[in-house]
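The first residue in the sequence is number 1, and the count goes up from there.
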Amino acid sequence: MQIKVLAVGKIKENYLKEGLKEYAKRLGAYIRLEMIEVEDEPCSERASAADEARVKQKEAEKVLKLISPQDYVVLLDLLGKELSSPELAVLFDEKGLSGQSRITFVIGGSLGTADEIRKRADYRWSFSKLTFPHQMIRLILLEQIYRACKISKGEPYHK
């Protein structure tokens with residue numbers, strides 16, 4: 001299985017970079033992982049709604065260029081459906097069995113995502129009703145992908 005993580009913005013904190021490296025290394029035994037950072041657009045703290053929409057649109061254009069037609073796209077979205085770790089493992093298994101071996105996860109920028117990305121998404125996944133920093137979500141996502149891979153293989157993983 002090939003998994004691509006498309007995320008808007010750069011990771012700045014070393015502790016997050018180290019965590020991402022660790023999980024990317026662990027995942028190497030299960031999947032081919034590609035992580036792509038898309039440059040975020042500058043936006044003032046006092047931006048108007050129109051300016052924020054323009055920023056989200058520009059970021060969406062960059063993201064959509066990196067998604068191929070055969071990718072199964074999972075958008076991390078506050079308004080999406082919640083999944084348990086076992087349910088994520090089932091999703092991976094179902095996609096693999098149906099011949100869809102390319103899954104792309106999309107993490108929007110700090111302002112969220114444009115409607116074009118929501119329309120392209122095959123699945124909209126919410127981790128929680130809580131709001132997390134979009135940079136931290138990458139680490140949580142890789143951990144959940146790793147956990148799902150372990151579950152799919154019937155391997156133990158701490159609860």
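- Ala121 and Leu75 get closest at one heavy-atom pair: CB-CB, 3.8 Å.
- Tyr146 is connected to Leu16 through a chain of hydrophobic side-chain contacts under 4.5 Å among Ile, Leu, Val, Met, Phe, Trp and Tyr, so both are in one cluster.
- Looking at Ser85 and Gln144, their side chains do bring a donor and an acceptor atom within 3.5 Å of each other.
- Note: Leu33 CG to Lys25 NZ = 14.0 Å, rounded to the nearest 0.5 Å.
- Side-chain heavy atoms closer than 4.5 Å link hydrophobic residues (I, L, V, M, F, W, Y) into clusters, and following such links, possibly through other members, connects Leu142 to Ile11.
- Although no hydrogens or angles enter the test, the distance criterion places a donor-acceptor pair under 3.5 Å between the side chain of Lys4 and the main chain of Leu66.
- Heavy atoms only, all atoms of each residue included: Ser126 and Ser128 are closest at OG-O, 3.0 Å.
- Checked options Val74, Val38, Val73; the residue passing with Val106 is Val73 (criterion: side-chain contact (heavy atoms from CB on, under 4.5 Å)).
- What you find for Glu52 and Cys43 is that their closest heavy atoms are CG-SG, 4.2 Å.
- For the pair Gln57/Glu116, a side-chain contact is recorded, criterion being any heavy-atom separation below 4.5 Å from C-beta on.
- Residue Glu22 holds its CD atom at 10.0 Å from CG of Leu139, rounded to the nearest 0.5 Å.
- Of all heavy-atom pairs spanning Arg138 and Ala7, the tightest one is NE-CB, 3.2 Å.
- Screening residues 84-110 for salt bridge (charged side-chain N to carboxylate O under 4.0 Å, His left out), with sequence neighbours left out, gives Asp71-Arg102.
- Nearest heavy-atom pair across Leu6 and Val63 is CD1-O, 3.9 Å.
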Worked verdict on Lys81 versus Tyr123 for side chain to side chain contact (heavy atoms under 4.5 Å, CB included): CA-CA 8 Å; Lys81 181 181 174 193; Tyr123 193 90; 3.2 Å; yes
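- Note on ring orientation: taking the six-membered ring where Trp is involved, the planes of Trp125 and Phe105 are tilted (angle from 30° to 60°).
- Note: Ile145 CD1 to Lys150 NZ = 15.5 Å, rounded to the nearest 0.5 Å.
- Between the side chain of Lys62 and the main chain of Glu39, a donor-acceptor pair closer than 3.5 Å is present.
- Rounded to the nearest 0.5 Å, atoms CG (Leu88) and CD (Glu82) are 13.5 Å apart.
- Taking the charged nitrogens against the carboxylate oxygens, Glu59 and Lys56 have no contact shorter than 4.0 Å, which rules out a salt bridge.
- For the pair Cys149 and Ile31, the minimum side-chain heavy-atom distance is below 4.5 Å.
- No continuous path of hydrophobic side-chain contacts links Leu76 to Leu111 [ILVMFWY only; heavy atoms under 4.5 Å].
- Taking 4.5 Å as the limit, every side-chain heavy atom of Ile3 sits out of range of all side-chain heavy atoms of Leu27.
- Using a distance-only test at 3.5 Å, with no hydrogens or angles considered, a donor-acceptor pair links the side chain of Gln135 to the main chain of Lys10.
- The closest side-chain heavy-atom distance from Phe92 to Ile151 is not below 4.5 Å.
- Rounding to the nearest 0.5 Å gives a distance of 10.0 Å between CD of Glu61 and CD1 of Ile117.
- When all heavy atoms of Gly108 and Thr113 are compared, the pair lying nearest together is CA-CG2, 3.5 Å.
- Taking CZ from Phe127 and CG from Leu141, the interatomic distance works out to 4.5 Å, rounded to the nearest 0.5 Å.
- No continuous path of hydrophobic side-chain contacts links Leu79 to Leu83 [ILVMFWY only; heavy atoms under 4.5 Å].
- Residues Leu97 and Met1 do not share a hydrophobic cluster, defined by chaining ILVMFWY side chains whose heavy atoms lie under 4.5 Å apart.
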Verify salt bridge (Lys or Arg N to Asp or Glu O under 4.0 Å) between Glu143 and Arg147, making sure each step is shown before the conclusion. CA-CA 6 Å; Glu143 190 280 334; Arg147 186 180 294 265; 2.9 Å; yes
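- Sorted by first and then second residue, the salt bridge (charged side-chain N to carboxylate O under 4.0 Å, His left out) pairs with a member in residues 119-129 read Asp77-Arg124, Arg120-Asp122; sequence neighbours excluded.
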